[in-house]
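Single-structure report; data block below.
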Amino acid sequence: MLKIRVKVASSHEIVFEKGGLLNIGERVFDVVKGKKVMIVTDDNVAKLYLETVKRSLAAKGFEVFETIVSNGEKSKTPETYLKIIDNLGGAGFLRVDTVVALGGGVVGDMAGFAAATYMRGINLVQVPTTLLAMIDSSIGGKVGVDLTYGKNLLGAFYQPKLVFVDVDVLNTLPEREWQNGLGEGLKYALLGGGRLFDIVDAKSVKEDLEEFVYLCASYKVKVVEQDEKELGLRRLLNLGHTLGHAIEKKSGFELPHGEAVKYGLALILQASTKVGGDADDLKKAACMLAKYGVDCPYDVKELLPLIKNDKKAESEAINAVFVRRIGDCFVERLSFEDFAKLF
Ligand SMILES: NC(=O)c1ccc[n+]([C@@H]2O[C@H](COP(=O)([O-])OP(=O)(O)OC[C@H]3O[C@@H](n4cnc5c(N)ncnc54)[C@H](O)[C@@H]3O)[C@@H](O)[C@H]2O)c1
């Protein structure tokens, strides 16, 4: 069993236990006092893992409740959030009780927001079941739901009591969702370098899965610990995302997020040569990315206008993230015009 202690205001652990979902009850028992647990999950994940989790929690004496939402981003709404809140209220949950978010980033964000706000905050346990949720969304405390005006506009920072990762659940993940997570994984390889870079460069993510997830999570934890509320350093995690979001938008959200991030990374590597990036390292990084296919279907000139409308552009200025060397990236605040000149 591997563990990472996340040293934020509300310190907690990320526990990695391959095949450990069967024993999730014990892990939850170790960190919470209340007897009631609400498992929030989606209809896909429920079919696969809900019974296992329920059984394990019940075996430790928990009184177990469930809320099953429809899968996908379309569910991540204030209405679904209120359904979770209503179920908590209806079952008489108190501050000592616990929400277990069993699913991908959609469930994690939404159940996390319910836990953050019901009675001004009850216990939260994140049990991520997608690669993206394991290496990204379950870590760092950002929770929330979408509004019709945009994604994640209603939210909070709220840390869980525990993040529990069993990589075996990824065996059932559809290929498209795998690719989504992998896009973020490629980002971590550039940010973190070292062994993480070597794993993706060797195309051995599946063989080295637990180590890969652990290393990505460790990188995110390191950044979150230094900037819990995303005031500076945490912006590094947006590497590849400024153009990635524009690519997603251009495709009418047909292209998976991870694929768009991958193309965004390739473009930012090219631009990094013009802001002092190390030529040899950038070449090596580009070769690594090329192994995953980086033929962006759009010309960068078509993408730039779309960046202007992105909320991360913050009134015409862009906090762009560049690669100086593999494992050494930096944020530079540029006007939109100066950013555009790099392409
Ligand atoms: N909070 C954060 O810091 C943060 C960071 C990045 C992304 N996000 C959010 O995460 C969300 C995307 O998360 P996601 O990519 O995990 O998508 P998701 O939660 O929609 O899951 C993707 C699909 O995979 C299915 N699924 C999940 N686990 C499975 C498994 N083990 N086997 C089979 N099917 C499974 C789900 O039912 C769903 O259909 C977005 O809403 C995004 O805004 C949040």
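All ligand and atom numbering here is 1-based and tracks the order in the structure. Only heavy atoms go into these numbers, but all of them, side chains included; no hydrogens, no water, no symmetry mates. For the single chain, residues carry numbers from 1 onward in sequence order.
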* Asked: How are the rings of Phe330 and Phe322 set relative to one another: parallel (under 30°), tilted (30 to 60°) or perpendicular (over 60°)?
  -> tilted
* To do: Classify the angle between the aromatic ring planes of His245 and His257 as parallel (below 30°), tilted (30 to 60°) or perpendicular (above 60°).
  =>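 The arrangement is tilted - the two ring planes meet at 30° to 60°.
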* Is the shortest heavy-atom distance from the side chain of Pro297 to the side chain of Leu255 under 4.5 Å? ->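 Yes, at least one pair of side-chain atoms sits under 4.5 Å.
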* Find out whether Met288 and Leu186 are in side-chain contact, i.e. whether some heavy atom of one side chain is under 4.5 Å from a heavy atom of the other. => yes
* **Sub-6.0 Å ring centroid separation between Tyr188 and Phe212** => no
Can you give me a line-by-line list of nitrogen or oxygen pairs between ligand 1 and the protein shorter than 3.5 Å?
{"from": "ligand 1", "atom 1": "1 (N)", "to": "Asp109", "atom 2": "OD1", "distance (Å)": "3.0"}
{"from": "ligand 1", "atom 1": "1 (N)", "to": "Lys142", "atom 2": "O", "distance (Å)": "2.8"}
{"from": "ligand 1", "atom 1": "13 (O)", "to": "Gly105", "atom 2": "N", "distance (Å)": "3.1"}
{"from": "ligand 1", "atom 1": "16 (O)", "to": "Gly105", "atom 2": "N", "distance (Å)": "2.8"}
{"from": "ligand 1", "atom 1": "16 (O)", "to": "Thr130", "atom 2": "OG1", "distance (Å)": "2.7"}
{"from": "ligand 1", "atom 1": "19 (O)", "to": "Gly105", "atom 2": "N", "distance (Å)": "3.1"}
{"from": "ligand 1", "atom 1": "19 (O)", "to": "Val106", "atom 2": "N", "distance (Å)": "3.0"}
{"from": "ligand 1", "atom 1": "28 (N)", "to": "Thr129", "atom 2": "O", "distance (Å)": "3.3"}
{"from": "ligand 1", "atom 1": "28 (N)", "to": "Thr129", "atom 2": "OG1", "distance (Å)": "2.7"}
{"from": "ligand 1", "atom 1": "31 (N)", "to": "Thr129", "atom 2": "O", "distance (Å)": "3.0"}
{"from": "ligand 1", "atom 1": "31 (N)", "to": "Val169", "atom 2": "O", "distance (Å)": "3.0"}
{"from": "ligand 1", "atom 1": "31 (N)", "to": "Thr172", "atom 2": "OG1", "distance (Å)": "3.4"}
{"from": "ligand 1", "atom 1": "32 (N)", "to": "Thr172", "atom 2": "O", "distance (Å)": "3.4"}
{"from": "ligand 1", "atom 1": "32 (N)", "to": "Thr172", "atom 2": "OG1", "distance (Å)": "2.8"}
{"from": "ligand 1", "atom 1": "37 (O)", "to": "Asp42", "atom 2": "OD1", "distance (Å)": "3.1"}
{"from": "ligand 1", "atom 1": "37 (O)", "to": "Asp42", "atom 2": "OD2", "distance (Å)": "2.7"}
{"from": "ligand 1", "atom 1": "37 (O)", "to": "Asn44", "atom 2": "ND2", "distance (Å)": "3.0"}
{"from": "ligand 1", "atom 1": "39 (O)", "to": "Asn44", "atom 2": "ND2", "distance (Å)": "3.1"}
{"from": "ligand 1", "atom 1": "39 (O)", "to": "Asn71", "atom 2": "OD1", "distance (Å)": "3.4"}
{"from": "ligand 1", "atom 1": "41 (O)", "to": "Glu73", "atom 2": "OE1", "distance (Å)": "2.5"}
{"from": "ligand 1", "atom 1": "41 (O)", "to": "Glu73", "atom 2": "OE2", "distance (Å)": "3.3"}
{"from": "ligand 1", "atom 1": "41 (O)", "to": "Lys76", "atom 2": "NZ", "distance (Å)": "2.8"}
{"from": "ligand 1", "atom 1": "43 (O)", "to": "Lys76", "atom 2": "NZ", "distance (Å)": "3.1"}
{"from": "ligand 1", "atom 1": "43 (O)", "to": "Lys151", "atom 2": "NZ", "distance (Å)": "2.8"}

* **No-hydrogen, no-angle side-chain donor-acceptor test under 3.5 Å, Glu184 and His241** => yes
